[in-house]
Amino acid sequence: MPLLGVNVDHVATVRQARRTYEPDPVWAAVLAELGGADGITIHLREDRRHIQDRDLKLLRETVTVKLNLEMACWEEIVQIACQVRPDQATLVPERREEVTTEGGLDLLAHRERVSEVIKRLKDAGISVSLFLDPDPRQIEAAAQLGADAVELHTGQYALAKPGRAQEEQLAILQRAAEHVRQCGLVLHAGHGLNYKNVVPVARIPGMHELNIGHAIVARAIYVGMEQAVREMKRLITA
Ligand code: PXP
């Protein structure tokens with residue numbers, strides 16, 4: 001049964017829309033834990049569009065489950081991560097103009113920099129996951145670079161129309177997942193997962209952790225954070 005990492009970035013997005021103090025992602029994390037979250041995930045972006053340095057520091061002190069920091073290989077962010085020491089870092093690509101993370105890391109193009117960052121994070125005691133497209137070449141590179149885990153990018157699956165197109169994307173994820181496990185890496189997945197599409201991904205053999213943000217925060221607007229997390233947890237552990 002996979003663990004549930006709840007991404008609270010969108011709570012900070014609402015706060016930053018007014019540059020005020022509410023809603024606070026730290027409160028959201030407390031409620032997510034009460035709802036059964038196994039981890040809290042945040043992305044400290046270079047442009048600080050949602051999560052702020054203060055959020056990371058407070059969450060490091062208050063989160064009692066796994067704290068997972070999504071981050072790009074920007075030098076400033078690497079230094080902050082090594083100081084604050086989240087339990088896990090998930091390395092993602094980051095472009096300023098993107099609305100959200102748009103694809104997996106390209107390890108073939110950025111092998112040296114990613115390798116250096118993995119080493120520095122691991123030396124600081126942080127477990128390292130790499131956010132990758134379900135591509136066997138990228139997965140093999142992750143194993144060579146010494147990552148602990150791979151988070152498979154489920155965005156294409158989430159965008160596919162239910163039916164044949166979605167089944168094809170699921171099959172791609174299933175094959176990639178098997179590859180991740182054969183390479184000796186821990187299997188994670190995330191991006192675009194919601195209450196309607198999550199179950200087949202949660203049931204992929206060996207799935208250890210799912211990171212879900214948008215769907216949970218969207219539902220939390222109506223039913224509250226604790227209940228939104230509880231409902232997702234129930235689905236992925238059924
Ligand atoms: N995993 C990674 C690496 C991400 O970048 C994101 C988005 O921040 C998520 C998971 C969560 O995606 P969503 O908000 O679509 O659930």
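One-based numbering, in listed order, for ligands and for the atoms of each.
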Undergrad: Between H10 and H50, is the ring centre distance below 6.0 Å?
TA: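 Judged by ring-centre distance (under 6.0 Å), H10 and H50 do not meet the cut-off.
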Undergrad: Do the charged groups of E61 and K57 touch, with an N to O distance under 4.0 Å?
TA: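 No.
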Undergrad: Other hydrophobic cluster members with Y222, side-chain heavy atoms of Ile/Leu/Val/Met/Phe/Trp/Tyr under 4.5 Å, chained?
TA: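 Members besides Y222, by chain and number: I221, V223.
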Undergrad: Output the distance between atom NE2 (H214) and atom OG1 (T13), rounded to the nearest 0.5 Å.
TA: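 Going from NE2 on H214 over to OG1 on T13, the span is 10.5 Å.
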Undergrad: Show the nearest heavy-atom pair for residues E46 and E94, with the distance to one decimal.
TA: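 Reported closest heavy-atom pair: N-OE2, 2.8 Å.
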Undergrad: Once you round to the nearest 0.5 Å, how far does CD of E140 lie from CG of D135?
TA: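 One finds 9.0 Å between CD of E140 and CG of D135.
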Undergrad: For ligand 1, which atoms, with element, lie under 4.0 Å from some heavy atom of H214?
TA: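 By the 4.0 Å cutoff, the relevant atoms are 13 (P), 14 (O), 16 (O).
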Undergrad: Only heavy atoms of N211, strictly under 4.0 Å: list the atoms of ligand 1 that pass.
TA: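 Selected atoms, number and element: 10 (C), 11 (C).
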Undergrad: Hey, which atoms in ligand 1 end up nearer than 4.0 Å to a heavy atom of N7?
TA: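 Under 4.0 Å from N7, ligand 1 has these atoms: 8 (O).
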Undergrad: Could you tell me which residues satisfy side-chain contact (heavy atoms from CB on, under 4.5 Å) with A158, sequence neighbours excluded, listed by chain and number?
TA: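 With sequence neighbours excluded, A158 shows a side-chain contact (heavy atoms from CB on, under 4.5 Å) to N197, given in chain and number order.
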Undergrad: Is there a polar contact, in the sense of an N or O pair closer than 3.5 Å, between G190 and ligand 1?
TA: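 No, there is no polar N/O contact under 3.5 Å.
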Undergrad: Nearest 0.5 Å, what's the CZ-CG distance between R111 and L105?
TA: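 If we round to the nearest 0.5 Å, R111:CZ and L105:CG are 12.5 Å apart.
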Undergrad: Kindly identify the option in H10, H191, E151 whose heavy atom sits closest to atom 1 (N) of ligand 1.
TA: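 It is E151 whose heavy atom sits nearest to atom 1 (N) of ligand 1.
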Undergrad: Relative to the heavy atoms of V92, which atoms of ligand 1 are at a distance of less than 4.0 Å?
TA: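 Going through ligand 1 atom by atom, the ones under 4.0 Å from V92 are 3 (C).
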Undergrad: Has ligand 1 got any nitrogen or oxygen that is less than 3.5 angstrom from a nitrogen or oxygen of T90?
TA: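 No, T90 has no N/O under 3.5 Å of an N/O on ligand 1.
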Undergrad: Have a look at ligand 1 and work out which part of H43, if any, has a heavy atom under 4.0 Å from it: side chain, backbone, both or neither.
TA: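 For H43, there is no contact with ligand 1 at all, from either part.
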Undergrad: Have a look at M71, E70, R45 and point out the one with the heavy atom closest to atom 8 (O) of ligand 1.
TA: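 That would be E70.
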Undergrad: Of the backbone atoms (N, CA, C, O) and the side-chain heavy atoms from C-beta on, which set of H153 has a member under 4.0 Å from an atom of ligand 1: side chain, backbone, both, or neither?
TA: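 No part of H153 comes within reach of ligand 1.
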Undergrad: Out of all atoms in ligand 1, which are within 4.0 Å of some heavy atom of G192? Include the element for each.
TA: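 In order of number, 12 (O), 13 (P), 15 (O), 16 (O).
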